[in-house]
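Position 1 is the first residue of the sequence; numbering continues from there.
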Amino acid sequence: MLVLNVEETRHALHWPALIDAIETMFQGRCIMPVRHHHEVEVPGESDATLLMMPAWVPGSYMGVKILSVFPDNSLRSLPAIFGTYLLSSAKTGEMLAVIEGGELTARRTAATSALAAKYLSREDASSMLMVGTGRLSLNLIQAHATTRNLTSFQIWGRNAASAEKTAEEARQHGFNASACDDLEEVARKADIISCATLSHEPLIKGDWLKPGAHLDLVGAFKPTMRESDDVAVRRATVYVDTVEGALKEGGDIVQPLQAGIIQRDDIRAELSDLVTGRHKGRQSENEITLFKSVGAALEDLAGAILAYESVTANPNS
């Protein structure tokens, strides 16, 4: 049985191949039961979340991810997310691989956002604002730069030192990146704005979005959490990774729906509609687009299969 640690998982999931694998999985027949989502009390701290996400392709592969999110781990200099992915044969049930789930989650999440941006952002997009300084930030910069020719990156975080640290890490990977302290000023100029935070209050205001901007919302994975305000969802053409997930867990969609700011029909399409051509995606250069991602088990399965097959095909790479 194959066992992949963080570094091995990262090495097995190159961005172009991962984005393609997720696109192919969204085009195909993957079974995704409703995921288990549990609140876990942490005395004296913010509640944690336990997620269990199964998926399978009949006769091919099946897997389940067990993931925990502890928001206050930053106080201990630990990642907020820990997890493990178990990949098995969907023909025999044989266990094939155990894959480090935190790295798999970070990379597949970023790859899914980049896949959506391929259909929703302007082809000439060149500037990106990264809101958030956690594990996902560098992944989102790398993934978006795979599908668009981005030349400048600004990073904003509540903690200025963390923003500068993330910018320095991005520069070490060859990106023209810098930290910023005026969120509004940079947001008004950015072609792509990607948010990956644990915020409960809107950070990006719709009035800031310039014509043609693309807003990528990755954090706020509970109905009580938000990264954008009502104006943003009202001004933008709204897309989601899966309608079922967004209506259940995406606060950026759930809250304005409950308030009557938008209607169910205002969700223009989900990612499967884009990748299969059922929906064209961006309609004009000046259109403002919004993509809300809450994560789907098929994304994990696509990444796990890619990691397993690439390592077993090239065991010495």
**Request:** Using a strict cut-off of less than 4.0 Å between a Lys/Arg side-chain nitrogen and an Asp/Glu carboxylate oxygen, indicate whether E249 and R35 qualify as a salt bridge.
**Result:** yes
**Prompt:** What do the steps show when you test D230 against I261 for side chain to side chain contact (heavy atoms under 4.5 Å, CB included), and what is the final call?
**Reply:** CA-CA 7 Å; D230 289 341; I261 304 299; 3.7 Å; yes
**Message:** Assess the residue pair L306 and L18 against the criterion (side chain to side chain contact (heavy atoms under 4.5 Å, CB included)); give the C-alpha distance rounded to whole Å, side-chain angles, the decisive distance to 0.1 Å, and a yes or no.
**Reply:** CA-CA 7 Å; L306 174 63; L18 180 56; 4.0 Å; yes
**Message:** I'd like to know if the side chain of E227 reaches the main chain of P202, judged simply by a donor and an acceptor atom lying under 3.5 Å from each other, with no hydrogens or angles considered.
**Reply:** no
**Item:** Co-membership, hydrophobic cluster, residues V218 and F221, 4.5 Å side-chain
**Value:** no
**Message:** What I want to find out is whether R122 reaches D124 closely enough, with some N-O distance under 4.0 Å, to be called a salt bridge.
**Reply:** yes
**Message:** Between S310 and A307 (side chain of the first, backbone of the second, donor and acceptor by atom type, cut-off under 3.5 Å), is there such a pair?
**Reply:** yes
**Fill in**
Taking every heavy atom of S194 against every heavy atom of M128, the minimum-distance pair comes out as CB-CE, 3.6 Å
**Request:** Check whether V57 and V34 end up in the same hydrophobic cluster, where Ile, Leu, Val, Met, Phe, Trp and Tyr are linked by side-chain heavy atoms less than 4.5 Å apart.
**Result:** no
**Item:** Where R135 and P79 come nearest, the two heavy atoms and their spacing
**Value:** NH1-CB, 4.4 Å
**Item:** Heavy-atom closest contact (W15 atom, A111 atom, distance)
**Value:** CZ3-N, 3.9 Å
**Prompt:** Do you reckon L104 sits in the same ILVMFWY cluster as I19, going by side-chain contacts under 4.5 Å, direct or chained?
**Reply:** yes
**Message:** If you count every heavy atom of other residues, nucleotides or ligands that lies below 6.0 Å from E39 atom CD, does the total exceed 12?
**Reply:** yes
**Item:** Neighbour count >12 (heavy atoms, 6.0 Å) for atom CD, E168
**Value:** yes
**Prompt:** Same hydrophobic cluster for F26 and I305, using side-chain heavy-atom links shorter than 4.5 Å among ILVMFWY?
**Reply:** yes
**Asked** Is there a donor-acceptor contact under 3.5 Å from the side chain of D72 to the main chain of L75?
**Response** no
**Item:** Single hit among E23, E103, E299 for salt bridge (Lys or Arg N to Asp or Glu O under 4.0 Å) with R108
**Value:** E299
**Asked** With a 6.0 Å cut-off on ring centres, are Y239 and H279 close enough?
**Response** yes
**Item:** Verdict with reasoning, L247 to I267, per side chain to side chain contact (heavy atoms under 4.5 Å, CB included)
**Value:** CA-CA 10 Å; L247 293 180; I267 301 176; 3.8 Å; yes
**Message:** If we ignore hydrogens and angles and just use 3.5 Å, is the side chain of R235 paired with the main-chain N or O of G206 as donor and acceptor?
**Reply:** yes
**Mutual orientation of the aromatic rings belonging to H14 and H11 [parallel < 30°, tilted 30-60°, perpendicular > 60°]** = perpendicular
**Complete:** Closest non-hydrogen atoms of C195 and I204, given as atom of the first, atom of the second and distance, are SG-CG1, 3.7 Å
**Message:** Quick one, Y61 and L87 - any side-chain contact, counting heavy atoms below 4.5 Å?
**Reply:** yes
**Request:** Report yes if the side chains of F175 and L150 come closer than 4.5 Å at any heavy-atom pair, otherwise no.
**Result:** no
**Message:** Using the rule that Ile, Leu, Val, Met, Phe, Trp and Tyr join whenever any side-chain heavy atoms are under 4.5 Å apart, tell me whether M62 and M52 fall into a single cluster.
**Reply:** no
**Asked** Is the shortest side-chain N to carboxylate O distance from K189 to E184 below 4.0 Å?
**Response** no
**Item:** Side-chain ion pair, R10 and E7, N-O less than 4.0 Å
**Value:** yes
**Prompt:** Does a sphere of radius 6.0 Å around NZ in K210 hold more than 12 heavy atoms from other residues, nucleotides or ligands, not counting ones at 6.0 Å or beyond?
**Reply:** yes
**Prompt:** Does the pair L120 and L274 meet the rule for a side chain to side chain contact (heavy atoms under 4.5 Å, CB included), with working shown?
**Reply:** CA-CA 9 Å; L120 300 178; L274 295 174; 4.1 Å; yes
**Message:** Please check this pair: side chain of N139 against backbone of A110, looking for a donor-acceptor N/O pair closer than 3.5 Å.
**Reply:** no
**Message:** Please check: side-chain N/O of R171 versus main-chain N/O of A177, any donor-acceptor pairing under 3.5 Å?
**Reply:** yes
**Request:** Taking atom CG of D47 as the centre, report whether more than 12 heavy atoms of other residues, nucleotides or ligands fall under 6.0 Å from it.
**Result:** yes
**Item:** Q258 side chain near P223 side chain, heavy-atom distance below 4.5 Å
**Value:** no
**Prompt:** Between R282 and S284, is there a donor-acceptor pair closer than 3.5 Å when you use the side chain of the first and the backbone of the second?
**Reply:** yes
**Asked** Is any side-chain heavy atom of V98 closer than 4.5 Å to a side-chain heavy atom of L4?
**Response** no
**Item:** S272 vs D241 side-chain heavy atoms within contact, under 4.5 Å
**Value:** no
**Message:** Is any side-chain heavy atom of P211 closer than 4.5 Å to one of I288?
**Reply:** no
**Asked** Do T84 and K65 get their side chains close enough for a donor-acceptor pair, meaning under 3.5 Å?
**Response** no
**Complete:** Value for CG (D252) from NZ (K292), rounded to nearest 0.5 Å, stands at 5.0 Å
**Prompt:** More than 12 foreign heavy atoms under 6.0 Å from CD of E201: is that the case here?
**Reply:** no
**Asked** Counting distance only, does the side-chain N/O of R148 pair as donor-acceptor with the main-chain N or O of K118 below 3.5 Å?
**Response** yes
**Request:** Answer yes or no: is there a side-chain heavy-atom contact under 4.5 Å between S178 and I155?
**Result:** no
**Check: P58 main-chain N/O paired with R29 side-chain donor or acceptor under 3.5 Å** = no
**Message:** Under a 3.5 Å distance rule, please check whether R107 uses its side chain to pair with a backbone N or O of L13 as donor and acceptor.
**Reply:** yes
